[in-house]
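Presented below is the structure to which this report refers.
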Number of protein chains: 2
Amino acid sequence: MSTVPNADPGEDSPAVAAVLDDLAVLAVRRLSAQGDLSLTAAATLSYLDRNGPERLSVLASRQAVTQPSMTQLVRRLEREGLVDRSADDLDGRAVRVAVTDAGRALLAERRRLRRERLTELLGTLSPDELRDLTRIAGEFLPLLRRLLQSEAGE
Amino acid sequence: MSTVPNADPGEDSPAVAAVLDDLAVLAVRRLSAQGDLSLTAAATLSYLDRNGPERLSVLASRQAVTQPSMTQLVRRLEREGLVDRSADDLDGRAVRVAVTDAGRALLAERRRLRRERLTELLGTLSPDELRDLTRIAGEFLPLLRRLLQSEAGE
DNA sequence: GGAAATTACATAGGGAGCTTATGCAACTGC
DNA sequence: GCAGTTGCATAAGCTCCCTATGTAATTTCC
């Protein structure tokens, strides 16, 4: 498959696994609000915001969902005015999906809300704990990013 | 709302919040497999495994879903033989939900699979990175757990 | 002790979001 | 220019969440 420099990572994984699990719970249970976008919807909008308009099928493989799923998602997003569809100039079959201003505004608001909720949570920690967390998060970030993106493919 | 010992978490919070947010999203995507249990299903089974049989409504509030949602989930789990239902001896209205041997076996298998996936991921790191990651994860975990339990309220 | 209120769960209906299977129109290759 | 491939849409079905509502068992209160 891919590069596997180490034969056996050993018995250390449980701690890492627990952290990842807890982070997943944090994201899904604690950070998502009521009428929030789904994970895929948010990631898709965010991708379109960062990278510009893209074809539907490309968005599907990016988000690791099937093409019909992305068709449905784009339809819902379009219905809510968050994306636009247009025909591709070069290929009559293709659909070009673009984020709208309303979509960008929603993304910004969503980010603000999630940061706010997280900041509230952080407020429950003591100053010492917060300082530790800040330091640890700073160290953890690059490693975890490498870990999680290692098989991201694209 | 709740205890807010710190008036202002300081200027570091937004940065930490951003980091945790990104990591959490990545973690969700990387950890869930194909025919995997949903977050709620896994958490419910796991809870029953650790704490023994419990009432349906208690499970619902534990998982922060509505009672009808838990009724449905338990029905699905029962259909797949992962849990048992029985009437409460003391209260004729109540339903006692218990994990079955098959449920415990599935939990074990799920843990094995996730550990396997994680091991693959960890294999892409260098020995030094792996050592750092393990150390940092060990420090991170207690803080993260405190963060997640801060407003758990039952 | 019996009617009234409450509690524990089930049911009905609906939407999001994922899947596989299939259809169709547009592009590509020979 | 027909055949095969590609890009997307549609259909049918499942999970998993919701709100609204029903029902039976328990508790409360007169």
Side-chain angles (χ1 to χ4, degrees), chain A residues 24-25 27-47 53-98 106 110, chain B residues 25 28-29 31-47 53-98 106 110 154:
Chain A
V25 170
V28 170
R29 291 272 161 86
R30 291 301 156 86
L31 254 42
S32 53
Q34 265 301 64
D36 204 7
L37 293 167
S38 74
L39 215 65
T40 305
T44 300
L45 273 188
S46 184
Y47 176 83
E54 188 57 87
R55 285 193 181 189
L56 194 143
S57 55
V58 173
L59 295 177
S61 73
R62 280 266 174 200
Q63 301 304 325
V65 298
T66 60
Q67 169 263 311
S69 297
M70 187 53 70
T71 293
Q72 282 191 339
L73 173 59
V74 167
R75 183 168 52 198
R76 284 191 301 270
L77 292 176
E78 187 186 24
R79 200 178 57 206
E80 293 172 21
L82 304 177
V83 302
D84 264 342
R85 331 163 59 121
S86 54
D88 191 301
D89 292 333
L90 303 173
D91 190 333
R93 300 165 300 179
V95 169
R96 213 186 67 128
V97 183
L106 186 68
R110 184 185 129 97
Chain B
V25 170
V28 168
R29 304 231 116 171
L31 279 169
S32 50
Q34 260 303 66
D36 205 7
L37 293 167
S38 74
L39 209 68
T40 306
T44 300
L45 272 189
S46 182
Y47 176 83
E54 187 57 271
R55 287 192 178 189
L56 194 144
S57 55
V58 173
L59 296 177
S61 73
R62 278 267 170 197
Q63 301 303 326
V65 298
T66 59
Q67 170 263 311
S69 296
M70 186 52 71
T71 293
Q72 279 195 337
L73 173 59
V74 167
R75 184 167 51 198
R76 284 192 301 270
L77 293 176
E78 186 186 25
R79 200 178 56 207
E80 294 173 21
L82 305 177
V83 302
D84 264 342
R85 329 164 61 121
S86 53
D88 191 300
D89 292 333
L90 302 172
D91 191 334
R93 300 166 300 179
V95 169
R96 213 185 67 129
V97 183
L106 186 70
R110 182 184 132 98
E154 303 309 285

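On a predicted model such as this, the values are computed, not experimentally measured, just so you know. Lettering of chains follows the sequences in order, A, B, ..., and the numbering in each one begins at 1.
Looking at which nucleotide of DNA chain D each of B:Thr66 and B:Glu80 is closest to, the 5′-most match is held by B:Glu80. Heavy-atom nearest nucleotides on DNA chain C were determined for B:Asp91 and for A:Gln67, and the one closer to the 5' end corresponds to B:Asp91.
No side-chain heavy atom of A:Leu106 sits less than 4.5 Å from a side-chain heavy atom of A:Glu80. You'll find the side chain of A:Met70 reaches within 4.5 Å of the side chain of A:Thr44, heavy atoms only. By the 4.5 Å heavy-atom criterion applied to side chains, A:Val74 and A:Val95 are not counted as neighbours. Annotation: side chain of A:Arg29 is in contact with side chain of B:Leu39 (closest heavy-atom distance under 4.5 Å). Counting heavy atoms from C-beta outward, B:Arg96 and B:Asp89 have side chains that stay 4.5 Å or more apart. A 4.5 Å side-chain heavy-atom check between A:Gln63 and A:Leu73 finds every atom pair outside the cut-off.
Rounded to an integer number of Å, the gap from B:Glu78 CD to C:dC9 P is 14 Å. For B:Leu73 and C:dC9, the CG to P distance is 14 Å, given to the nearest whole Å. Between the CZ atom of B:Arg79 and the C1' atom of D:dC14 there is a distance of 9 Å, given to the nearest Å. Whole-Å rounding puts the B:Arg76 CZ to D:dC14 P distance at 12 Å. Note: CZ (A:Arg55) to P (C:dC27) measures 10 Å, nearest angstrom. Distance A:Asp36 CG to C:dG17 P: 10 Å, rounded to the nearest Å. As rounded to whole Å, 16 Å separates atom C1' of D:dC16 from atom CG of B:Leu59. Rounded to a whole Å, the CE atom of B:Met70 is 17 Å from the P atom of C:dT11.
Side-chain nitrogen and oxygen atoms of A:Ser57 include at least one within less than 4.0 Å of the OP1 or OP2 phosphate oxygen of D:dC8. Not one side-chain nitrogen or oxygen of A:Arg75 sits closer than 4.0 Å to the OP1 or OP2 atom of D:dA9. Distances shown here put every side-chain N or O of A:Thr71 at or beyond 4.0 Å from the OP1 or OP2 atom of D:dC8. Distances shorter than 4.0 Å separate some side-chain N or O of A:Thr40 from OP1 or OP2 on C:dC18.
Donor-acceptor pairing under 3.5 Å, judged by distance alone, is present between the side chain of A:Arg93 and the base of D:dT6.
The side chain of A:Ser38 sits closest to C:dG17 out of D:dA11, D:dA20, C:dG17. With distances taken from any side-chain atom of B:Arg85 to the nucleotides C:dA16, C:dA10, D:dA9, the minimum falls on C:dA10. Of the candidate nucleotides C:dA21, D:dC16, D:dC8, C:dA21 has the atom nearest to the side chain of A:Pro68. Which of D:dC17, C:dC18, D:dT10 sits closest to the side chain of B:Gln72 comes down to D:dC17. Of the candidate nucleotides D:dA11, C:dT11, D:dC8, D:dC8 has the atom lying nearest to any side-chain atom of A:Leu56. Here the side chain of A:Val65 is nearest to one of C:dC18, D:dA9, D:dG7, namely C:dC18. The side chain of B:Ser69 approaches D:dC17 more closely than any other nucleotide in the set D:dC17, C:dA10, D:dA11.
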